[in-house]
Protein chains: 2
Amino acid sequence: MTATPDAKPRGTRLPRMARRRQLLSAAQEVFVENGYHAAAMDEIAERAGVSKPVLYQHFPGKLELYLALLDLHVDDMVTRCHEALASTTDNKQRVQAAIGAFFDFVSSQGEAFRLVFESDLRNVAPVRQRMERSLRESAEAISQVIQEDTGCSSDEAHLLGVGLVGMAEVSARYWLSSHGSIPKEAATQLMARLAWRGISGFPRTG
Amino acid sequence: MTATPDAKPRGTRLPRMARRRQLLSAAQEVFVENGYHAAAMDEIAERAGVSKPVLYQHFPGKLELYLALLDLHVDDMVTRCHEALASTTDNKQRVQAAIGAFFDFVSSQGEAFRLVFESDLRNVAPVRQRMERSLRESAEAISQVIQEDTGCSSDEAHLLGVGLVGMAEVSARYWLSSHGSIPKEAATQLMARLAWRGISGFPRTG
DNA sequence: CGCCCATCCTACGCGCGGGTAACCAGGTCA
DNA sequence: TGACCTGGTTACCCGCGCGTAGGATGGGCG
């Protein structure tokens, strides 16, 4: 339950950077479990085995703490997407890899994807910007490839990229929530096939 | 700016049901603009040209007021989706109609779609249930059609349905936010083509 | 005419939670 | 050994915003 497996007995003194990492870890747990609003600074401090002022010696406020975490995971998501697209030059494989990136992302880091995809606080500008950055940069990367290989306009390619990201994101979240009804590999292949061939590409029975 | 165009001079007495509708309308404005948390009951009352206790004579609390609105728009979305699928028996047309339903939904009712797709309050169970209902019932309707026409298992069809809904939802929201760079008709056709033929169905330049 | 009920108002209670002031402890180094 | 710096603690302040108590007002009906 504690942030780090080592159960320090509270009262342990830690070097500054180690403490900071531990606070980020505890904060991530609480923010992911409860969302921003229902998360209390008191609880984050408590979960880190520390008192509240320590938190404020590392972060100027609740929002900044949240943003630090959000940035971390937005970067993670965008990086995964870029790496997937760079992993091959075959477009069919690219689709598979990019969709796999979303499925990997949602199943990593103890549901931290909720910060990126399901944040309460969309209304607060700096948070909204970061959530949009995740969508924009993923879609942008995809639309680059689309534009290189098709006759689409920039606007059209962007919309297609956003659509594909949306498909991947929402299906990955759904897959995770229906824990185990379909193995990850099968799910990504199914969605990759949908993205590549469309819904008309599935076998007809009648 | 007021909820109803008739600018009643505050102090006007209204029959119960008329007042209720007006309060819902004012609440929708405020919740959509600010989200649940940043919305103050005082402001909702004020925007309706009424004092706070009136609000509490119609709704037991802030949450219930919010849920009443949320239910309204979740029903709206689900209905649009069902009607789109029932509007034809040609599956290609069905895809077009269903995607059109999402684009119509996001451009209706003064951005009320934000309640359904972007609610802060996902963490609160009754809200989460309603947001999931919107996704589930839309995807369910689509997966019905998929199962009838393909050899997919139920689990696979559901995942495909969710993916298509995600594609439509996210792209519709993006299209709305990029106000006017692509006309609605063109955008829906583009996304319908993506859903039907897949990304491989777009013309190659090289 | 005067009773009554529905509608609406002003003014307040109060809990919750972010942020802070003021103080303690223990290791290091001149 | 004692000054000092780093890291930690307890106990508090206070603003915000939901929800309410108690009172005014005005139209219909006996």
Side-chain angles (χ1 to χ4, degrees), chain A residues 2-4 6-27 30-31 33-69 120-121 123-124 126-127, chain B residues 2-4 6-27 30-31 33-69 120-121 123-124 126-127:
Chain A
T2 36
T4 51
D6 353 276
K8 305 275 183 177
R10 164 145 203 172
T12 314
R13 289 163 83 113
L14 245 52
R16 189 167 175 79
M17 282 308 148
R19 182 65 83 193
R20 183 190 163 91
R21 274 190 296 275
Q22 187 211 18
L23 289 173
L24 280 170
S25 172
V30 177
F31 281 135
E33 277 174 30
N34 306 109
Y36 181 85
H37 291 102
M41 292 297 267
D42 299 81
E43 191 188 341
I44 293 172
E46 188 182 15
R47 185 145 341 179
V50 119
S51 74
K52 223 184 347 171
V54 174
L55 212 41
Y56 285 91
Q57 283 163 7
H58 288 263
F59 305 94
K62 190 182 182 184
L63 180 60
E64 288 76 14
L65 173 55
Y66 189 78
L67 290 177
L69 279 167
D120 49 347
L121 269 207
N123 313 304
V124 175
V127 172
Chain B
T2 36
T4 52
D6 352 277
K8 304 275 181 176
R10 164 142 204 176
T12 315
R13 288 161 84 109
L14 243 53
R16 190 167 175 78
M17 281 308 149
R19 182 66 81 193
R20 183 190 163 89
R21 275 190 295 276
Q22 187 210 18
L23 289 174
L24 280 170
S25 171
V30 177
F31 281 135
E33 277 174 29
N34 307 110
Y36 181 86
H37 291 102
M41 292 297 265
D42 298 80
E43 191 187 343
I44 294 173
E46 188 181 14
R47 188 151 334 185
V50 119
S51 75
K52 225 188 338 175
V54 175
L55 211 42
Y56 285 91
Q57 284 162 7
H58 288 263
F59 304 93
K62 190 183 182 183
L63 180 62
E64 289 77 13
L65 173 55
Y66 189 78
L67 290 178
L69 279 167
D120 48 349
L121 268 208
N123 314 304
V124 175
V127 173

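Order of the sequence lines fixes the chain letters, A, B, ..., with proteins taken first and strands second; residue numbering starts at 1 for each chain.
- Atom OH of A:Tyr56 is separated from atom P of C:dG19 by 4 Å (rounded to the nearest Å).
- Rounded to an integer number of Å, the gap from CZ of A:Arg16 to C1' of D:dG8 is 13 Å.
- The side chain of A:Pro53 lies closest to C:dT20, out of C:dT10, C:dT20, D:dC18.
- In this structure, of D:dT9, C:dG19, D:dC18, it is D:dC18 that holds the atom nearest to the side chain of B:Lys52.
- When the C1' atom of D:dT6 is taken as reference, atom CE of A:Met17 falls 13 Å away, rounded to whole Å.
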Using the rule given for side-chain contact (heavy atoms from CB on, under 4.5 Å), can you reason through B:Leu63 versus B:Leu121, listing the C-alpha separation, both sets of side-chain angles and the distance that settles it, and then say yes or no? CA-CA 10 Å; B:Leu63 180 62; B:Leu121 268 208; 4.1 Å; yes

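- Taken to the nearest 0.5 Å, the CZ atom of B:Arg16 stands 4.5 Å off from the NE2 atom of B:His58.
- In this structure, of D:dC18, D:dT10, C:dT10, it is D:dT10 that holds the atom nearest to the side chain of A:Ser51.
- Regarding B:Asp42, its CG atom lies at a distance of 13 Å from the P atom of C:dC9, rounded to whole Å.
- Here A:Glu33 contributes atom CD and A:Arg47 contributes atom CZ; the two are 4.5 Å apart, rounded to the nearest 0.5 Å.
- Under 3.5 Å, the side chain of B:Arg13 and the base of D:dT25 form at least one donor-acceptor pair of N or O atoms.
- The distance between atom CG of B:Leu14 and atom C1' of C:dA6, rounded to the nearest whole Å, is 13 Å.
- For D:dG8, the OP1/OP2 oxygens have a side-chain nitrogen or oxygen of A:Arg19 closer than 4.0 Å.
- Atom CE in A:Met41 sits 7.5 Å away from atom NZ in A:Lys62 (nearest 0.5 Å).
- In this structure, the side chain of A:Glu64 engages the main chain of A:Gly61 through a donor-acceptor pair within 3.5 Å.
- Spacing between atom CD of A:Gln22 and atom P of D:dG8 amounts to 9 Å, rounded to whole angstrom units.
- Along DNA chain C, the nucleotide nearest A:Gly61 and the nucleotide nearest B:Pro15 are compared for position; the residue whose nucleotide lies closer to the 5' end is B:Pro15.
- Nearest-nucleotide positions on DNA chain C place B:His58 closer to the 5' end than the other of B:His58 and A:Ala40.
- Nearest nucleotide to the side chain of B:Lys62, out of D:dT10, D:dG19, C:dG17: D:dG19.
- The residue A:Ala39 sits close only to the backbone: its heavy atoms come under 4.0 Å of sugar-phosphate atoms, none of a base.
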